[in-house]
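Input: a single structure, listed below in structure tokens.
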Amino acid sequence: MINKLYASVADALAGVPDGATVMTGGFGGAGMPNELIDGLIEQGARDLVIVNNNAGNGEQGLAALLKAGRVRKIICSFPRQADSHHFDSLYRAGKLELELVPQGNLAERIRAAGAGVGAFFTPTGYGTDLAKGKETREINGRMYVLEYPIHADVALIKAERGDRWGNLTYRKAARNFGPIMATAAKCTIAQVFETVELGALDPEVVVTPGIFVKRVVKVARQGAMEAA
Amino acid sequence: MINKLYASVADALAGVPDGATVMTGGFGGAGMPNELIDGLIEQGARDLVIVNNNAGNGEQGLAALLKAGRVRKIICSFPRQADSHHFDSLYRAGKLELELVPQGNLAERIRAAGAGVGAFFTPTGYGTDLAKGKETREINGRMYVLEYPIHADVALIKAERGDRWGNLTYRKAARNFGPIMATAAKCTIAQVFETVELGALDPEVVVTPGIFVKRVVKVARQGAMEAA
Amino acid sequence: MSYIRRTRDEMAARVARDIPEGAYVNLGIGLPTLVANHLPRGREIFLHSENGILGMGPAPAKGEEDWDLINAGKQPVTLLPGGAFFHHADSFAMMRGGHLDICVLGAFQVAVNGDLANWSTGAPDAIPAVGGAMDLAVGAKSTYVMMEHQTKAGESKIVERCTYPLTGVGCVKRVYTDLATLAIGPHGVTALDWVDGLQFDELVRISGVPLREP
Amino acid sequence: MSYIRRTRDEMAARVARDIPEGAYVNLGIGLPTLVANHLPRGREIFLHSENGILGMGPAPAKGEEDWDLINAGKQPVTLLPGGAFFHHADSFAMMRGGHLDICVLGAFQVAVNGDLANWSTGAPDAIPAVGGAMDLAVGAKSTYVMMEHQTKAGESKIVERCTYPLTGVGCVKRVYTDLATLAIGPHGVTALDWVDGLQFDELVRISGVPLREP
């Protein structure tokens, strides 16, 4: 019997190696897998490459991971936030490498990794500093930039419900990067607020089929309704 | 007030021009918009380019459209079926142009059109006759073929439920090409078995948001459970 | 003759007037967010948020905030009946694929050829952040900009050529400022309207670039 | 010494034996479809169908057919509890992205370097049709082929070089035939097992290509 449900966050995070590329879901606080990120700090992996839309804010989650000195590089679209001071100071001190990617190119590069697309031409960023040095091409009168997939070793995502096969549903705009990051990582670990019996999720509304998920761990709902 | 609900199949098909590229959903009989295709025969547009997974079988739907001599070219992955005799004879007589595309490249080219991707590198078909003359490239040690989007003027799709904003849900494996074709056409026309009040579709389970749909028409459920 | 500049709300109302029923619209963070408050009641307009929302409604009542339902600026919003959620790749496919009719963005500078600069001032110590700006700039059928006409130092933000790093090339169709509404086309910039009491010659002088009368 | 060829069901059972618990598997149309009937009970294996199904179950009872729930061969199937539906781009992304562990395909020819020919005999009057064959050939972590060892005319279908049009280049890892199980690797083809009574030398002669013993 296949059972992807893990008993604890610590169990679910076992084996994340130093040097791993780790995708973390979330847009602002919505969909941010805070418990898994806290667990990753405990777990101790270092020299990480983080892929996220933002670069952490305040003192929790990604910001705490940065503060703990575990991150070598971050690939994101919007690191600068009102309270992104841990990112800011590490970046200014030259202790953190940054690859800045337009948000839609970030999403499409993650999707391309999951979908086995080798590279794709996108109009976004053409003629800007973020496309400097990249291959460009005119296609049907429009200019495009060639972008490559972003693969990950691990994806940490937050979903709403999950079952023992790893099927997931999400809640409102907390869906954001979760479904595509799940497809792009060798090992996708999902925290959920509720685990359900096999068959309890309507097959029409499963957003992430279990094929993309290796581990599911239930966490208590706390702070989900608060700003993060 | 925006109301995308049309009173009849004929109304919904008004204005499809001669020479149009028309995508038609369906894989085998599942998801095939038979009423809309019958309506298109009535409507009379000629010189069409059809994009579909198959090329019609038996005497109905796409097969009838082919028989009526309305189709100049078909882009599909699997025209040959046990009873695809209308396609077979037109093709053998040189009266129908065929662009044969591996099914996954067909799906991804349709998706690329809807997603504004200018072109993409796919591993599928590399080294085969279907990639002859196409640009190839080695990326990270793997060989890829460059494929371009397929755009359409009109998409005819079959869904299960729809509302006046054009939101759609599907039923089981009848979903197949519907959601991606809806994104790739200038004018997507959906036949549904049920129209519902705005807000009746759970926003978590809308598969095709109304932005991709111009017209929705209700048809009676008949033969949906039969083989087509 | 003297003139009074449009307030931020007047600018937002001016933009809102040009958004027709049935339009699919993305309002950028900052100034453009105000446009939502001025959309005529009874006109059905579909608001898209980059983080996977279509059919976004107004801010919730105090105490009703749901932090899983936020907009691109991370503020709590609501969903209208008929709205839908989707993931980030689908959301940006919606933009990049040209399905949005109008995108309204803030800007540092807009050039007479439609080039847009709104993501970075290029300051050497600045921390770069782009978010969805570049995707929005090229993704809608029409990209509108809403900004003050001049910097605080009195320099025109309508320029011959952007000096700040570009967000998108030749993408802006209209500019709504506190002084005027400008259309950018193949033959240059046309002033569509300007505030009462301001003479056209004065608008041209303030703008510092050639303008055509409507 | 005489030998008896494996029946189609015995071939299917031989393939099924090599599919481990938890595997995500696509069974091609035709012969490979039989494998589903031989998967050991109690071993949870996830069947994928290209038309947007994961967790496909067996054929429904007569009279219970739902024609919105069909497999790649357009035959009615069922869905297991825990299954899911998705659209065609997502379904083929699942393949192309390397998420399937095993894909079992029929074939006209397999070359010693793993080239696969299974979509066209190249006959000048044939109507071409490829379906998902090329996507499946390159999409799974392991592509297995299940076919008769020889054509009706007695020619080996294991060849030095495919004479029929290719479906995929160097993609086949294993071949299950009515005579033997072959593994294709960087050093050529290894016979893993063969039917009782058949001598290895005879298998090599029938195959017409060099084979290694296990």
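Each chain gets a letter, A, B and so on, in the order its sequence line appears, and its residues count up from 1. Since this is a predicted model, take the numbers as computed values, not measurements.
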Need one label for [X]: side chain, backbone, both or neither, based on atoms under 4.5 Å from any heavy atom in chain C.
X	value
A:Val207	neither
A:Asn105	both
A:Leu106	neither
A:Tyr170	neither
A:Phe177	both

Let's go through A:Tyr91 and C:Ile127 carefully: what are the C-alpha distance in whole Å and the side-chain angles of both, what is the deciding distance for side chain to side chain contact (heavy atoms under 4.5 Å, CB included) to 0.1 Å, and is it a yes or a no? CA-CA 8 Å; A:Tyr91 178 72; C:Ile127 288 180; 3.9 Å; yes

Working for side chain to side chain contact (heavy atoms under 4.5 Å, CB included), residues C:Val138 and A:Met143: CA-CA 11 Å; C:Val138 303; A:Met143 296 304 301; over 6 Å; no

Please answer whether the main-chain N or O of [Y] pairs with a side-chain N or O of [X] as donor and acceptor at a distance below 3.5 Å.
X	Y	answer
C:Arg96	A:Gly104	yes
A:Arg92	C:Asp125	yes
A:Arg111	C:Ala89	no

Passes side chain to side chain contact (heavy atoms under 4.5 Å, CB included), A:Leu130 versus C:Trp119? Steps please. CA-CA 11 Å; A:Leu130 297 189; C:Trp119 75 281; 3.9 Å; yes

So how far is it from [X] [atom1] to [Y] [atom2], rounded to the nearest 0.5 Å?
X	Y	atom1	atom2	result
C:Ser91	A:Asn176	OG	CG	10.0 Å
A:Glu108	C:Asp135	CD	CG	10.0 Å
C:Leu166	A:Tyr126	CG	OH	11.0 Å
A:Asn57	C:Lys74	CG	NZ	8.0 Å
A:Ser77	C:Met134	OG	CE	10.5 Å
A:Lys172	C:Asp68	NZ	CG	7.5 Å

Starting from the C-alpha separation in whole Å, work towards a yes-or-no answer on side chain to side chain contact (heavy atoms under 4.5 Å, CB included) for C:Asn51 and A:Gln103. CA-CA 10 Å; C:Asn51 52 321; A:Gln103 195 174 162; 5.6 Å; no

Quick check on the 6.0 Å ring-centre criterion: do C:His88 and A:Phe27 meet it?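 Centroid separation for C:His88 and A:Phe27: below 6.0 Å.
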
Basic-acidic side-chain contact under 4.0 Å: A:Arg171, C:Asp66: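 C:Asp66 and A:Arg171: salt-bridged.
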
Any side-chain heavy-atom pair from C:Pro128 and A:Leu98 closer than 4.5 angstrom?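 C:Pro128 reaches A:Leu98 side chain to side chain.
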
Select, from C:Ser49, C:Gly83, C:Ala72, the one with the greatest count of heavy-atom pairs under 4.5 Å involving chain A.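 Between C:Ser49, C:Gly83, C:Ala72, the count favours C:Ala72.
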
Can you confirm whether A:Lys134 is buried at NZ, in the sense that more than 12 heavy atoms of other residues, nucleotides or ligands lie under 6.0 Å from that atom?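 Atom NZ in A:Lys134 is crowded, with more than 12 foreign heavy atoms closer than 6.0 Å.
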
Check whether more than 12 heavy atoms from other residues, nucleotides or ligands sit under 6.0 Å from atom CZ of A:Arg137, and answer yes or no.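 Buried by this count: over 12 neighbours within 6.0 Å.
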
Shortest non-hydrogen contact from A:Asp129 toward C:Pro165: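 Smallest interatomic distance, heavy atoms only, reads OD2-CB, 3.6 Å.
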
Per-residue contact mode, [X] against chain A (heavy atom under 4.5 angstrom):
X	value
C:Asp115	neither
C:Ile53	side chain
C:Phe85	both

